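The structure under discussion appears below in the form of structure tokens.
What you see is a predicted model, and the numbers here were worked out from it, not measured in a lab.
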Amino acid sequence: MEPVAVGLVGAGPWARMAHGPMLARGPHTRLAGVWARRPEQAARLGAPVFTRVEELFDHCEAVAFCVPPAVQAQYAVLAARAGKALLLEKPLADSLDGARRLADAVAEAGVASQIVLTLRYAPQTRAFLARCAEIEPFGGHAANVSGALLGDHPFATPWRLERGALLDVGPHVIDLLAAALGPVTGVRAHGDPLGWTGLLLDHEGGAVSEASLCMATAGDPPPPMFAVYGRTGSAVLPHFDDDPLEAVAEEFARTVRAGGGHPLDAAHGLRLQEIIAEAEHQLTR
């Protein structure tokens, strides 16, 4: 398979740590260029730097985004209208309206899309979900607790400091519980987005789950936890430090060459954003 030429929008810490190396490493993708608001940061990725995002689109088949949600929502619409496949970060946007505009642009343009929900690409997660399918699951719980919003942590960025754990790690947790227990049909939320947030999720078929989210605790919190319980057994996702980005790049390349069809597409991201928007509404009313 010919490597997919992917342009990268964004050159911040995560772009330099993850997206840039992932796309440049190959063999399934090739980093065709970078556009960022700060060209001096883009130059550190070792690929051609473009001064206009439209010029980047002219030199690639697909576009990956590693920028704040509001910026992604703006430029991913432009990329879709330019006919480019999209590799998107979670959440799709900073608002439900922005997520809808992006998902609608993808559908109208008929371009392939895929979201970097990294947990879902790991072999440990896939084994966990296969086990969940065997046990007739009816309930589960999850926790994602960290200190990422404290001090000079690289992920203590303005949008995270404003919106908290629900918008940042919420998509990972909700997505995985839905994959294990069935699509989410209802959510009840309590707590503080900038402190501790609790979610009670109703799933299609009658299963229920609880999730705890926090990015403001000091010390050394335990790793993320997922457990599911069923009529014939239980399943626990073991902690792992493996990097699934190689699988992300390979699957994205295959999605681009197939013209779409990945389950973690923009429409899936919109469904996650709808759940998060409802939870945020409950927390602030």
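- Here the shortest heavy-atom pairing between A73 and G98 reads CB-O, 4.3 Å.
- Note: H19 and F65 fail the aromatic proximity criterion, with ring centroids not under 6.0 Å apart.
- Between P137 and L181, the shortest heavy-atom contact is CB-CD2, 3.6 Å.
- A salt bridge does not link R271 with E274: none of the charged nitrogens is closer than 4.0 Å to a carboxylate oxygen.
- K90 places a side-chain N or O within 3.5 Å of a backbone atom of D168 that can act as its donor or acceptor partner.
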E134/T232 under side-chain contact (heavy atoms from CB on, under 4.5 Å): CA gap, chis, key distance, verdict: CA-CA 8 Å; E134 297 172 348; T232 63; 5.8 Å; no

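- Pairing each heavy atom of A247 with each of Y121, the nearest pair is CB-O, 3.9 Å.
- Put simply, the residue from R254, H28, R30, R257 that forms a side chain to side chain contact (heavy atoms under 4.5 Å, CB included) with V4 is R257.
- Taking 4.5 Å as the limit, every side-chain heavy atom of L88 sits out of range of all side-chain heavy atoms of V116.
- The CG atom of L272 lies 6.5 Å from the CD1 atom of I115; values are rounded to the nearest 0.5 Å.
- Considering only heavy atoms from C-beta on, H268 comes within 4.5 Å of L117 through its side chain.
- By the 4.5 Å heavy-atom criterion applied to side chains, V173 and L119 are not counted as neighbours.
- T197 places a side-chain N or O within 3.5 Å of a backbone atom of D192 that can act as its donor or acceptor partner.
- Cluster annotation: L78 and V67 are assigned to the same hydrophobic cluster (Ile/Leu/Val/Met/Phe/Trp/Tyr, side-chain heavy-atom contacts under 4.5 Å, transitive).
- Remark: Q74 CD is packed, more than 12 non-hydrogen atoms of other residues, nucleotides or ligands lying under 6.0 Å away.
- Two different hydrophobic clusters hold V187 and V208 under the rule that ILVMFWY side chains link at heavy-atom gaps under 4.5 Å.
- To the nearest 0.5 Å, the span separating CZ on F155 from CG on L150 amounts to 14.5 Å.
- We find the OG-CG distance between S209 and L200 to be 7.0 Å, quoted to the nearest 0.5 Å.
- Under 4.0 Å is where a charged nitrogen must lie from a carboxylate oxygen, and between R188 and E210 no such pair does.
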Using the side-chain contact (heavy atoms from CB on, under 4.5 Å) rule, take W196 and V145 through it: C-alpha gap first, then chi angles, then the decisive distance, then the call. CA-CA 9 Å; W196 190 277; V145 180; 3.8 Å; yes

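- In this structure, CG in L194 is found 10.0 Å from CE in M215, a value given to the nearest 0.5 Å.
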Between F226 and H141, does a ring pair (Phe, Tyr, Trp, His ring centres under 6.0 Å) hold up when you go through it step by step? CA-CA 6 Å; F226 292 87; H141 59 95; 9.6 Å; no

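- Across all their heavy atoms, A18 and L245 have their closest contact at CB-CD1, 3.6 Å.
- Between D265 and Q114, every side-chain heavy-atom pair lies at or beyond the 4.5 Å cut-off.
- Counting only residues at least two apart or in different chains, side chain to side chain donor-acceptor pair (under 3.5 Å) contacts with residues 2-14 comprise W14-E89.
- Summarising the geometry of V34 relative to A11, their closest heavy-atom pair is CG1-CB, 4.5 Å, with the distance given to 0.1 Å.
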Going through the distances and angles, do E280 and R163 end up as a side-chain contact (heavy atoms from CB on, under 4.5 Å)? CA-CA 9 Å; E280 286 189 318; R163 302 287 287 275; 2.9 Å; yes

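- Judged by distance alone, the side chains of R16 and Q41 do bring a donor and an acceptor atom under 3.5 Å apart.
- Residue M17 is not grouped with residue W159 when hydrophobic side chains (ILVMFWY) are merged at heavy-atom distances under 4.5 angstrom, including chains of intermediate members.
- Closest non-hydrogen pair, L167 versus A93, comes out as CD1-O, 4.4 Å.
- Considering only heavy atoms from C-beta on, V228 stays 4.5 Å or farther from S234 through its side chain.
- Considering only residues two or more places apart in sequence or on other chains, V53 meets the side chain to side chain contact (heavy atoms under 4.5 Å, CB included) condition with V9, W35, F57, Y75.
- A salt bridge links E251 with R126: the closest approach of a Lys/Arg side-chain nitrogen to an acidic carboxylate oxygen falls below 4.0 angstrom.
- Residues M225 and L201 are members of separate hydrophobic clusters, defined by side-chain heavy-atom contacts under 4.5 angstrom among Ile, Leu, Val, Met, Phe, Trp and Tyr.
- Although no hydrogens or angles enter the test, the distance criterion places a donor-acceptor pair under 3.5 Å between the side chain of Q72 and the main chain of L92.
- Side chains of L199 and L213 form a contact here, defined as non-hydrogen atoms less than 4.5 Å apart.
- Atom CZ of F50 and atom CG of L8 lie 12.0 Å apart (nearest 0.5 Å).
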Hey, mind stepping through R120 and D175 against salt bridge (charged side-chain N to carboxylate O under 4.0 Å, His left out) and telling me if it holds? CA-CA 9 Å; R120 290 287 296 276; D175 168 67; 2.6 Å; yes

T51 vs E55, test: side-chain contact (heavy atoms from CB on, under 4.5 Å). Steps then yes/no. CA-CA 7 Å; T51 57; E55 292 176 333; 3.3 Å; yes

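- When V106, T255, V256 are each tested for a side chain to side chain contact (heavy atoms under 4.5 Å, CB included) with L86, only one passes: V106.
- Here SG of C214 is found 9.5 Å from CG of N144. Values are rounded to the nearest 0.5 Å.
- A donor-acceptor distance shorter than 3.5 angstrom exists from the side chain of T29 to the backbone of L23, with no hydrogens or angles considered.
- The closest side-chain heavy-atom distance from V63 to L87 is not below 4.5 Å.
- Using a 4.5 Å heavy-atom cutoff, the side chains of T125 and L176 are in contact.
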